[in-house]
Amino acid sequence: MTVPDFGVLARRAARPSRGRGPAARLRPVAVVALVVPVMGVPLWLIVATAGKSQSEALSPNLSPPSRWQLWENLAQVWQQGEVPAALLGSLLVVAPAVALVLTLGSMASWVLARRAGRLAAVLYAFAISGIVLPPAVVTIVLLLRQLGLAGTPVGMVGVYTGIYMSTVIFFVTGFVRTVPLSLEEAARMDGAGPVRVFVSVILPLLRPVLATATILICLYVWNDVFYAFFVVGGRLDTLPLNLFQVANAGLYLDNWHLIFAYIILMSLPLLIVFAVAQRRIISGITGGAVK
C-alpha cells in the first residue's frame, strides 16, 4: 500500500479551481439582476404612488412624485381610515391563531413522526389533506352560527387554526423525523414525561421550522379578506377587511395615493415579523450546525 504524499495533496488543494471561470463569477450578478427588478419594481410603485398627490396618483406609474408627501398621506390614512381599530382587530385574530396552530400542529407532528404503521400513515395523510382540499365556506359559517361563534374573534381564530393546521403538520413532521430518537430516550431515562420531553427537547430544536411556519401563517392570516368577510365581516374589522370596506364606501375612490399608503401601513407589522423570524431561522440553523 502506497503512502499518499500530503505535500502534493496540499499543493493541489491550494490551487484555484479551474471551474471557477467568468461564467461562474457572473452567475450571482445575473441572479441579482433578475431578482431586483421583480421585487424592486412593485415596491417602488407602491412607495412612489403613496408619496404622490391625488392628481398625480390618478394613473399609477413608476415616475417619482414631483413633491413627496408620503408622511402626510400616511397620517391621513391613519386618522380617516380607522387604522388603529383595524390593527387591533387583526392582532386579536392573528396572534392567537398563529400561536394556537403552531402549538397544536407541532405537538401533532411530533406524535405522527414517532409513530410507525399503517394507522399512523393514514392519520398523517388525513392531517395534511387540508393543503389540497378547499374548506367549505358555507359549512364553516353554518357551524359557527350553531356554536354561537359567528362574527366573533374566537370563531375566526378557530377557522384559521383548522385551515392552516395541515400546513404546519406538513412542515414540522418531516423535520421531527430528522431529530435523533436518542435525545428523547435520554430525557426519559432522566425521568422526564412526554410533556417535559416535548417542551425541553423537541420544541427548542423546532425553532427553524417553526420560524418558517410562522412567516407563512402570518402572511396568510394577516392578508386574508375572504374568510374574514364571511365569518366576522361587519362585526370585527381587520386591516385587509377595513381597506375593502372603506374603498367600497367611496372614501378611497380614485385616491390611489391613500390606498397605497394604507398598504404600506398594513405591511409594516408583517415586515417586523419577517425580520425577527429570519433571525430565528439563521440562529437555529447555525446553532444546530455547531452542535
Are side-chain heavy atoms of Asp224 and Pro240 found at a separation under 4.5 Å? no
First locate atom OG1 of Thr212, then atom CD1 of Ile217, and finally report the distance between them rounded to the nearest 0.5 Å. 11.0 Å
What residue pairs, at least two apart or across chains, pass side-chain hydrogen bond (donor to acceptor under 3.5 Å, both in side chains) with a residue in residues 196-206? Arg196-Ser200
Hey, could you give me the CG/CD1 distance between Leu143 and Ile140, rounded to the nearest 0.5 Å? 8.5 Å
Residues in ring-ring contact (aromatic ring centres under 6.0 Å, His included) with Phe226, at least two apart? Phe230
Closest approach of Leu258 to Asn73 (non-hydrogen atoms, all atoms of both residues): CD2-O, 4.1 Å
Cut-off 3.5 Å, no hydrogens considered: what does the side-chain donor-acceptor table look like for residues 167-180, sequence neighbours left out?
{"residue": "Thr173", "atom": "OG1", "partner": "Ser109", "partner atom": "OG", "Å": "3.4"}
{"residue": "Thr173", "atom": "OG1", "partner": "Ile169", "partner atom": "O", "Å": "2.6"}
{"residue": "Thr178", "atom": "OG1", "partner": "Phe175", "partner atom": "O", "Å": "2.5"}

Report the hydrophobic cluster partners of Leu92, with the cluster defined as I, L, V, M, F, W, Y residues connected by side-chain heavy atoms closer than 4.5 angstrom, directly or transitively. Leu88
Going only through I, L, V, M, F, W and Y residues with side-chain contacts under 4.5 Å, is there a path from Leu119 to Ile128? yes
With sequence neighbours excluded, what pairs up with Arg67 under the side chain to side chain donor-acceptor pair (under 3.5 Å) test? Gln69
If you round to the nearest 0.5 Å, how far is CG of Leu112 from CG of Leu123? 6.5 Å
State, yes or no, whether a side-chain contact exists between Ile264 and Leu70 at a heavy-atom distance under 4.5 Å. yes
Only counting residues at least two apart or in another chain, list the ones meeting salt bridge (charged side-chain N to carboxylate O under 4.0 Å, His left out) with Arg114. Glu184
When clusters are formed by joining ILVMFWY residues with side-chain heavy atoms under 4.5 Å apart, either directly or through shared neighbours, do Val195 and Val197 land in the same one? yes
Taking every heavy atom of Ala261 against every heavy atom of Ala50, the minimum-distance pair comes out as N-CB, 3.7 Å
Thr103: side chain to side chain contact (heavy atoms under 4.5 Å, CB included) partners, not counting sequence neighbours: Met107
Shared-cluster residues of Met189, by chain and number - hydrophobic side chains joined below 4.5 Å: none
Does any non-hydrogen side-chain atom of Leu239 lie less than 4.5 Å from one of Tyr262? yes
Under the rule for ring-ring contact (aromatic ring centres under 6.0 Å, His included), what residues qualify as partners of Trp110, not counting sequence neighbours? Phe198
Check: Pro269 and Leu87 side chains under 4.5 Å, non-hydrogen atoms: yes
Out of curiosity, Leu104 CG to Met165 CE, how far, rounded to the nearest 0.5 Å? 4.5 Å
Please assess Asn242 against Thr238 for the test side-chain contact (heavy atoms from CB on, under 4.5 Å), listing each intermediate value before the final yes or no. CA-CA 6 Å; Asn242 182 59; Thr238 61; over 6 Å; no
Has the side chain of Trp222 got a donor or acceptor atom that lies under 3.5 Å from a matching backbone atom of Val94? no
Of the non-hydrogen atoms in Ser166 and Ser129, which two are nearest, and what is the gap between them? OG-N, 4.3 Å
Please list, chain by chain and in numerical order, all residues satisfying ring-ring contact (aromatic ring centres under 6.0 Å, His included) with Tyr220, sequence neighbours excluded. Tyr164
Is the shortest side-chain heavy-atom distance between Lys52 and Trp256 below 4.5 Å? no
Roughly how far, to the nearest 0.5 Å, is the CG atom of Asn255 from the CD atom of Gln80? 9.5 Å
Can you measure from OG (Ser267) to CD1 (Ile272) and round to the nearest 0.5 angstrom? 11.5 Å
Who passes side chain to side chain contact (heavy atoms under 4.5 Å, CB included) against Glu185, sequence neighbours left out? Leu181
Assess the residue pair Val111 and Tyr124 against the criterion (side-chain contact (heavy atoms from CB on, under 4.5 Å)); give the C-alpha distance rounded to whole Å, side-chain angles, the decisive distance to 0.1 Å, and a yes or no. CA-CA 10 Å; Val111 174; Tyr124 175 72; over 6 Å; no
Name every donor-acceptor pair, under 3.5 Å, that has one atom in a side chain of residues 146-159 and the other anywhere in the protein, sequence neighbours excluded.
{"residue": "Thr152", "atom": "OG1", "partner": "Leu149", "partner atom": "O", "Å": "2.6"}
{"residue": "Thr152", "atom": "OG1", "partner": "Gly155", "partner atom": "N", "Å": "3.2"}

With a 4.5 Å cut-off on side-chain heavy-atom distances among I, L, V, M, F, W and Y, is there a chain of contacts connecting Val101 to Phe126? no
